[in-house]
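Notes for the one structure printed next.
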There are 2 protein chains.
Amino acid sequence: MPRGITRSEVDPDLPLFARRLKAARLSSGLSQERLGVAAGVDEFSASARINQYERGKHTPDVLTAAHLAKALKVPLAYFWAAEDDLAKLILWYGQLNAKSRKTLLATADELSQQE
Amino acid sequence: MPRGITRSEVDPDLPLFARRLKAARLSSGLSQERLGVAAGVDEFSASARINQYERGKHTPDVLTAAHLAKALKVPLAYFWAAEDDLAKLILWYGQLNAKSRKTLLATADELSQQE
DNA sequence: GCACTAAGATAGTCTTAGCTG
DNA sequence: CAGCTAAGACTATCTTAGTGC
């Protein structure tokens, strides 16, 4: 379950940020309101604000987005990954320990030098 | 040179988006105004707007950010990579062909299952 | 409880018109 | 030319107060 965020069924017509946020929240099992509160949003506006983000009505500032990312345990950059493959790569990077990250970086370095 | 964006010297106290944008632009060799025009910003406001973004005074909407990413040939998510290592990974991913991306994804998948 | 919304209050960005090195 | 800025015009988000399931 924690490895399958991008497999969740989210409307592909939603704007990028909305789509990624909704996928990550559904994967976490939190309600919109509880996610907002967990991210430090005022309890009286949390429900409306997270809903507006997920429906693509509004976009939060980067600080709010960072709090959401932390609450959802995903790297901040995940919200703006345009391709699903890059989204997966970023999610997996976020789950690796320091040693595995080094290994992954080394692999990417080698591959990019081959081109 | 094209592989060294994160090595550029950019004020680490700048907000995240400003820091990544400036590093990518300096690497590209474009002026602030020329980058803005290349990204489709009106020629009369391009200089002011890109400068405001790089100084952290303002942040563009996601569509403008996507145009900037395209002009700079970096993945959109790069602008919000909080850690330099993740920024490098995203940049390198953006430079790989489809086959190398698959290889990199497979490596990340294996590593994340080991944890 | 959960997802969602309208609309006014509020807070942001954008444009213009400059400046300095 | 390149980098940068103030401030008013403009446009976005946030809060409040609700709705329906």
Side-chain angles (χ1 to χ4, degrees), chain A residues 1 5 8-72 76 79-80, chain B residues 1 5 8-72 76 79-80:
Chain A
M1 189 188 322
I5 287 184
S8 306
E9 284 159 37
V10 175
D11 185 352
D13 290 337
L14 283 173
L16 183 61
F17 183 93
R19 187 156 23 105
R20 299 290 179 221
L21 174 63
K22 183 168 186 176
R25 181 185 62 82
L26 290 178
S27 170
S28 78
L30 291 169
S31 71
Q32 293 176 346
E33 182 172 19
R34 279 161 59 81
L35 168 60
V37 171
V41 173
D42 182 278
E43 57 173 329
F44 295 105
S45 57
S47 170
R49 283 178 64 182
I50 304 303
N51 187 272
Q52 288 159 350
Y53 300 156
E54 282 194 11
R55 307 273 298 176
K57 183 75 185 293
H58 297 311
T59 304
D61 61 34
V62 67
L63 185 59
T64 301
H67 292 156
L68 291 169
K70 189 169 187 181
L72 292 168
L76 177 64
F79 291 136
W80 288 277
Chain B
M1 190 189 316
I5 289 183
S8 304
E9 284 158 37
V10 175
D11 184 351
D13 290 337
L14 283 174
L16 181 61
F17 183 93
R19 188 155 24 105
R20 300 290 180 219
L21 175 63
K22 183 167 186 177
R25 180 185 62 82
L26 290 177
S27 170
S28 78
L30 291 169
S31 71
Q32 294 175 347
E33 182 173 18
R34 278 160 57 82
L35 167 60
V37 171
V41 173
D42 182 278
E43 59 174 324
F44 295 105
S45 57
S47 170
R49 283 178 64 182
I50 305 302
N51 186 272
Q52 287 159 350
Y53 300 155
E54 283 193 11
R55 305 275 298 176
K57 183 76 185 292
H58 297 311
T59 304
D61 60 34
V62 67
L63 185 60
T64 302
H67 292 156
L68 291 168
K70 189 169 187 181
L72 291 168
L76 177 64
F79 292 135
W80 289 277

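Small disclaimer: the values here were computed from a predicted structure and weren't measured. Convention: sequence-line order gives letters A, B, ...; per-chain numbering from 1.
- Nearest to the side chain of B:Gln52, among D:dA6, C:dA3, D:dC14, sits D:dA6.
- Nearest to the side chain of B:Tyr53, among D:dG3, C:dT5, C:dC14, sits C:dC14.
- Once rounded to the nearest 0.5 Å, the distance linking CG of A:Leu68 with CD1 of A:Ile50 reads 5.0 Å.
- A:Phe17 places its CZ atom 13 Å from the C1' atom of D:dT13, with the value rounded to the nearest Å.
- Atom OG1 of B:Thr59 and atom CG of A:Leu63 lie 11.0 Å apart (nearest 0.5 Å).
- Nucleotide C:dT10 holds its P atom 15 Å from the CG atom of A:Asp42, rounded to whole Å.
- Close to C:dT5, at under 4.0 Å from its OP1 or OP2, lies a side-chain N or O of A:Arg55.
- The separation between A:Asp61 atom CG and C:dT13 atom P is 9 Å, rounded to whole Å.
- Counting non-hydrogen atoms under 4.0 angstrom, B:Arg34 reaches nothing in the nucleic acid.
- Rounded to an integer number of Å, the gap from B:Ile50 CD1 to D:dC4 C1' is 13 Å.
- For the pair B:Glu54 CD and D:dG3 C1', the interatomic distance rounds to 9 Å; values are reported in whole Å.
- Using cut-offs of 30° and 60° on the angle between ring planes, the pair A:Phe17 and A:Trp80 is tilted.
- Closest to the side chain of A:Thr59, from the set D:dT13, D:dT5, C:dA6, is D:dT13.
- The structure places CG of B:Leu72 at 13.0 Å from NE2 of B:His67, a figure rounded to the nearest 0.5 Å.
- Using a 4.0 Å heavy-atom criterion, one finds that B:Ser47 contacts the bases of the nucleic acid, with or without backbone contacts as well.
- Heavy atoms only, all atoms of each residue included: A:Arg55 and A:Leu14 are closest at O-CD2, 3.9 Å.
- Of all nucleotides listed (D:dA2, C:dT16, C:dT5), C:dT16 comes nearest to the side chain of B:Phe44.
- The interatomic distance linking A:Leu30 (CG) with C:dG1 (P) rounds to 15 Å, in whole Å.
- Here D:dT5 is the nucleotide among C:dT13, C:dC4, D:dT5 with the atom lying nearest to any side-chain atom of B:Asn51.
- One atom, CD of A:Glu33, and another, P of C:dT5, lie 16 Å apart when rounded to the nearest Å.
- When each of D:dA17, D:dT5, C:dA3 is scored by its nearest atom to the side-chain atoms of A:Ala48, the top-ranked nucleotide is D:dA17.
- Residue B:Arg25 has a polar side-chain atom (N or O) positioned under 4.0 Å from OP1 or OP2 of D:dG3.
- As rounded to whole Å, 11 Å separates atom P of D:dT13 from atom CZ of A:Arg49.
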